[in-house]
There are 2 protein chains.
Amino acid sequence: MRRWNGWGDDGVVATLAPEALAFLQERIGTGPAPQDATLEAVCAQIPVSRLPEHPLVDRSPEARLRGSYGQSLGDWIALRFGRIGRVSDGVAFPESREQVRELLDWAAAQKLLVIPCGGATSVVGHLSPATEEPRAVLTLNLTRLRALTHLNREAQLAEFQAGVLGPDLEAQLRAQGYTLGHFPQSFEYASLGGWVVTRSSGQQSLRYGRAEQWFAGGRLLTPGGELSIPPLPASAAGPDLREWVLGSEGRIGVLTDVTVRVQRLPECERFLGVFLPSWEAGLAAVRELAQARVPLSMLRLANAVETDTTLRLAGHAGQIAWLERYLAWRGCGDGKVLLFVGLTGTAAQVNAAQREAIKLLRGFGGVSTGQLLGKKWAAKRFAGVYLRNALWEAGYMVDTMETAIPWGGTTAMVEAIESAGREALARFGERCHAYTHLSHVYASGSSVYSTFVFRIGASAEESRARWLALKAAVSEAIVAQGGTISHQHGVGRDHAAYLPAEKGAAGLAAIASMVRHFDPAGVLDSGNLVASGE
Amino acid sequence: MRRWNGWGDDGVVATLAPEALAFLQERIGTGPAPQDATLEAVCAQIPVSRLPEHPLVDRSPEARLRGSYGQSLGDWIALRFGRIGRVSDGVAFPESREQVRELLDWAAAQKLLVIPCGGATSVVGHLSPATEEPRAVLTLNLTRLRALTHLNREAQLAEFQAGVLGPDLEAQLRAQGYTLGHFPQSFEYASLGGWVVTRSSGQQSLRYGRAEQWFAGGRLLTPGGELSIPPLPASAAGPDLREWVLGSEGRIGVLTDVTVRVQRLPECERFLGVFLPSWEAGLAAVRELAQARVPLSMLRLANAVETDTTLRLAGHAGQIAWLERYLAWRGCGDGKVLLFVGLTGTAAQVNAAQREAIKLLRGFGGVSTGQLLGKKWAAKRFAGVYLRNALWEAGYMVDTMETAIPWGGTTAMVEAIESAGREALARFGERCHAYTHLSHVYASGSSVYSTFVFRIGASAEESRARWLALKAAVSEAIVAQGGTISHQHGVGRDHAAYLPAEKGAAGLAAIASMVRHFDPAGVLDSGNLVASGE
């Protein structure tokens with residue numbers, strides 16, 4: 001069963017090693033005992049649904065609760081403390097495109113607000129209705145639309161219903177010898193349609209691309225009609241309508257079918273752990289790897305604090321000490337940074353790329369530890385996020401913020417983000433353990449992904465105030481440094497206020513105009529992406 | 001001086017070898033002697049300009065004539081026969097963004113139609129005003145905006161003014177050690193801004209990408225304001241506004257500044273000529289090369305007729321006969337096809353990719369002839385288009401049509417396009433020499449680029465009727481086979497009628513709505529892309 005107030009399957013219990021706990025206690029203090037509410041107590045608060053009956057709609061409090069929250073820290077605080085806000089009035093689980101159409105038309109006739117929902121893994125507040133929303137709210141949960149409906153082997157194009165979740169999608173493709181290769185950390189529960197409408201990026205995007213690269217076409221049911229986009233390999237015929245669906249975040253229609261560009265399952269895959277002597281060396285090395293077009297599948301560079309945190313939280317203190325002595329002897333002492341290098345392809349391609357990458361990395365003082373750390377990373381690539389549960393239970397909250405910026409601005413951005421987070425918490429007399437990695441590297445720049453660990457407050461209000469202060473301070477730092485307000489999570493309601501800085505007044509007005517064109521009555525006007533009334 | 005009624009510099013004279021002429025005479029008959037009008041005679045037909053005076057506007061007949069035609073066959077027929085239609089009322093040559101703004105505002109106040117123009121290499125009728133256009137027409141020629149305004153070496157981002165032409169752009173970059181690598185056949189005269197707004201694709205797009213991949217950001221002056229797009233490496237923050245500028249074809253604003261992703265000049269570059277025994281073998285081979293992700297810079301596969309035509313038109317009949325005997329002995333006899341393989345990168349990357357490509361091609365019966373044919377191709381890559389001048393003078397017209405389609409539909413598409421062209425001409429009792437190559441190959445499909453050579457008619461009207469019949473028949477065949485109406489040339493006015501088939505009614509309405517949003521008064525409503533009043 002999926003956990004209702006945290007991450008993942010409730011059969012999976014992550015635990016924090018004693019060293020890890022000690023490490024955090026030393027840095028940010030001992031966390032308070034959490035005051036978790038029970039599911040029953042939370043459901044009991046939910047008012048009667050304002051939706052009329054409909055055979056496809058579940059109006060039970062639990063379904064409405066589960067349909068109204070994602071995985072942002074704000075969502076966690078609300079659910080854990082049992083201090084929820086406005087929830088959806090009902091959740092529909094359509095099983096066909098026709099049912100989606102029927103529900104959209106019913107919602108328009110009943111003047112409801114419709115919020116589409118995939119795997120409910122949003123971390124930017126896509127799913128909760130605004131407190132001030134006057135209409136009854138219908139959540140459209142699309143996860144029963146999960147079939148592989150067509151596979152064109154010759155063109156390596158696979159058509160899926162859009163609600164399919166990551167593992168199900170990969171299992172259906174793998175049975176045919178293919179992969180999409182899209183592995184965000186939320187892979188276990190995230191949906192294909194969600195990836196498209198939030199412009200998701202997976203850990204191995206260097207090979208498999210972002211949603212922009214693999215989203216070949218599909219069908220979007222809009223309040224007024226249907227947008228059908230053929231899966232052409234390329235086109236110079238005017239604006240590319242895929243790009244209007246990508247990043248649309250449920251504001252212009254409901255994505256029901258997605259054709260994706262797939263690849264044959266790779267013959268060979270490896271993840272190497274390589275240490276570099278300093279952040280500057282690591283930065284220069286990943287930039288050079290990207291600009292030299294070495295055909296890798298992943299480059300993931302942790303800064304010194306994240307590197308240290310990873311080694312501390314790994315347990316095995318004895319082995320780590322031995323490793324650090326060896327690394328120091330090879331020139332990677334204090335301030336060293338850890339780079340994971342992904343290699344994917346035929347055995348020949350992987351071997352050639354590895355030789356080229358290692359040779360280049362040596363020029364920057366890189367020390368490869370082979371596949372040992374890489375295998376550990378790969379084994380835990382979707383498990384790490386369960387640690388948030390263990391951290392909460394130890395009294396700690398975790399938030400993450402991410403952006404992207406051209407090379408030249410990376411270090412200033414990392415410093416601005418981390419200090420903004422620390423200063424925001426300092427205003428509460430709290431410390432914040434902040435660390436950063438570059439999760440995606442391009443020839444012209446990279447993403448910047450920062451994690452903040454800080455203590456839960458004495459109350460829901462206090463915890464929420466800390467979260468909001470951190471979010472605002474970091475978002476303002478991102479915007480001030482010229483970064484995007486999201487590299488891979490989307491905008492939602494949480495970041496909508498920062499979108500104008502990126503798009504400009506003219507850009508935002510154009511997006512708002514497009515939204516009004518597709519949805520003049522505002523059936524999908526949730527406030528995601530573009531604030532209502534913009 | 002640039003030729004006013006044909007391609008290119010009038011100091012460059014292409015000639016047709018006697019064998020080539022004989023080859024065409026045998027296939028489609030002897031061409032009539034052309035009846036070319038003089039520039040003076042054509043200019044004398046041009047009525048007085050309806051534009052008020054403006055210090056930045058040239059209202060001379062020659063400037064207006066040159067500003068009103070591109071390189072479509074329809075344009076050629078009009079100019080060569082001296083049977084022109086409606087021309088622009090004046091051409092402005094702004095030298096700054098401020099002057100573009102001033103001209104746009106002046107045009108709006110004067111209720112003019114503005115048609116932006118780069119290097120005037122459009123082959124789909126972007127530049128001529130519609131005959132029925134009631135307003136005075138101002139052409140905005142942007143080619144004096146040609147400076148490299150900023151180079152960020154660290155991020156490999158170069159900012160140019162948008163009117164810079166291909167050779168000038170490359171010269172400015174090469175002086176700094178960089179290249180954009182964008183080489184369409186029209187490279188010599190095409191402009192950067194034109195490439196962006198028509199979603200251009202260069203011959204080596206397999207390495208350097210289409211305009212979509214290298215267009216990082218820029219500034220668009222719209223009738224109501226300015227859209228400024230930062231050159232982020234990636235963003236998940238809502239719709240990507242670059243994609244609204246790409247393919248906008250002058251309908252939403254004037255692109256004045258373009259930031260492009262550049263690369264270091266490659267250490268090594270090679271073009272190999274490889275023959276394959278049949279079209280089917282060639283098709284399977286290029287698909288496999290793309291899907292196996294062999295890092296090449298170009299794959300260009302001619303069908304059997306184009307291969308034969310290339311060999312016949314090359315001259316050197318004796319050497320060709322020897323080559324063909326050798327190829328036949330190696331299994332590539334009648335029906336053989338020629339593939340050009342481009343390799344670009346470091347010497348090590350090029351050598352590794354060449355080994356991988358040649359090994360794979362051998363599996364399909366491929367016979368490499370090394371760099372001999374490839375060097376010839378590369379030396380003539382921008383010269384071939386001058387042959388259109390020589391062909392006209394020999395009595396032959398040339399038109400090209402192009403599309404893209406997923407693998408599986410390629411052969412049927414080629415057959416449909418070539419037969420449509422032949423049948424259209426047969427209705428005039430004329431033969432048509434049609435041949436095709438795949439100019440751009442992707443994992444999921446390819447472009448299809450067909451050339452049609454047929455005789456000039458006895459009059460402008462007769463020639464135009466042949467051209468229009470061919471264009472309509474081939475466009476209908478493309479649409480019927482599910483291809484895009486343009487892979488690399490854009491839509492213009494010539495193809496606007498076929499855009500609804502690709503975008504659907506909902507898609508076209510959305511594009512029209514976006515155009516209205518940016519340009520509510522229709523200052524830029526030339527009928528390009530979306531027919532006026534759509």
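Within every chain, numbering begins at 1; the chains are lettered A, B, ... in the order of the sequence lines, protein sequences first and strands thereafter. From a predicted model like this one, the values you see are computed outputs, not experimental measurements.
Annotation: maximal heavy-atom pairing with chain A below 4.5 Å, among S248(B), G408(B), G504(B), occurs at G408(B). Contact count against chain B (heavy-atom pairs under 4.5 Å) is highest for P239(A) among S513(A), P239(A), G445(A), P295(A). Chain B forms the most heavy-atom pairs under 4.5 Å with one residue out of G224(A), G225(A), A234(A), and that residue is A234(A). Taking chain B as the reference chain and counting heavy-atom pairs below 4.5 Å, the highest number among E249(A), Q263(A), Q488(A) is found for Q263(A). By number of non-hydrogen pairs under 4.5 angstrom with chain B, the leading residue of L232(A), N152(A), L227(A) is L232(A). Top candidate by heavy-atom pairs under 4.5 Å with chain B, chosen from S201(A), A509(A), S200(A), G345(A), is A509(A). With respect to chain A, the highest number of heavy-atom pairs below 4.5 Å among A510(B), A292(B), A506(B), S228(B) belongs to A510(B).
Within the 4.5 angstrom heavy-atom criterion, no atom of Y498(B) approaches chain A. Proximity to chain A (any heavy atom under 4.5 Å) is restricted, for H489(B), to the backbone atoms N, CA, C and O. If you measure heavy-atom distances from R293(A) to chain B, the contacts under 4.5 Å come from both the backbone and the side chain. E402(A) does not touch chain B: none of its heavy atoms, backbone or side chain, sits under 4.5 Å away. For a residue to count as touching a neighbouring chain, one of its non-hydrogen atoms must lie under 4.5 Å from one of that chain's; by this rule N528(B) does not touch chain A. Heavy atoms of Q213(B) lying under 4.5 Å from chain A are absent altogether. Neither the backbone nor the side chain of A352(A) comes within contact range of chain B; no heavy atom of the residue lies under 4.5 Å from a heavy atom of that chain. In this structure, chain A has a heavy atom under 4.5 Å from the backbone of T198(B), while its side chain stays farther away. Interface residue S446(B): only backbone heavy atoms are found under 4.5 Å from chain A.
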Q: Applying side-chain contact (heavy atoms from CB on, under 4.5 Å), run through D240(B) and E212(A) and close with a yes or a no.
A: CA-CA 10 Å; D240(B) 186 343; E212(A) 290 94 314; 5.6 Å; no
Q: Please test M514(B) against H517(A) for side-chain contact (heavy atoms from CB on, under 4.5 Å), starting from the C-alpha separation and ending with a verdict.
A: CA-CA 9 Å; M514(B) 180 189 86; H517(A) 168 78; over 6 Å; no
Q: Please test Q156(B) against Q291(A) for side chain to side chain donor-acceptor pair (under 3.5 Å), starting from the C-alpha separation and ending with a verdict.
A: CA-CA 8 Å; Q156(B) 299 191 338; Q291(A) 294 182 348; 3.2 Å; yes
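Between P230(B) and E502(A), the shortest heavy-atom contact is CD-O, 3.9 Å. Annotation for I485(B) and A237(A): closest pair CG2-CB, 3.8 Å, computed over non-hydrogen atoms. Considering every non-hydrogen atom in both A404(A) and P233(B), the closest pair reads CB-CG, 4.0 Å. When every heavy atom of S444(A) is checked against every heavy atom of L157(B), the shortest pair comes out as CB-CD2, 4.0 Å.
With rounding to the nearest 0.5 Å, the separation of CD1 in I405(A) from OG in S235(B) is 12.5 Å. Here I511(A) contributes atom CD1 and L241(B) contributes atom CG; the two are 4.5 Å apart, rounded to the nearest 0.5 Å. Expressed to the nearest 0.5 Å, how far OH of Y442(B) lies from CZ of R261(A) amounts to 9.0 Å. Distance CD/E356(B) to OG1/T346(A): 5.5 Å, rounded to 0.5 Å.
Salt bridge R264(A)/E288(B): present, at least one basic N to carboxylate O contact under 4.0 Å.
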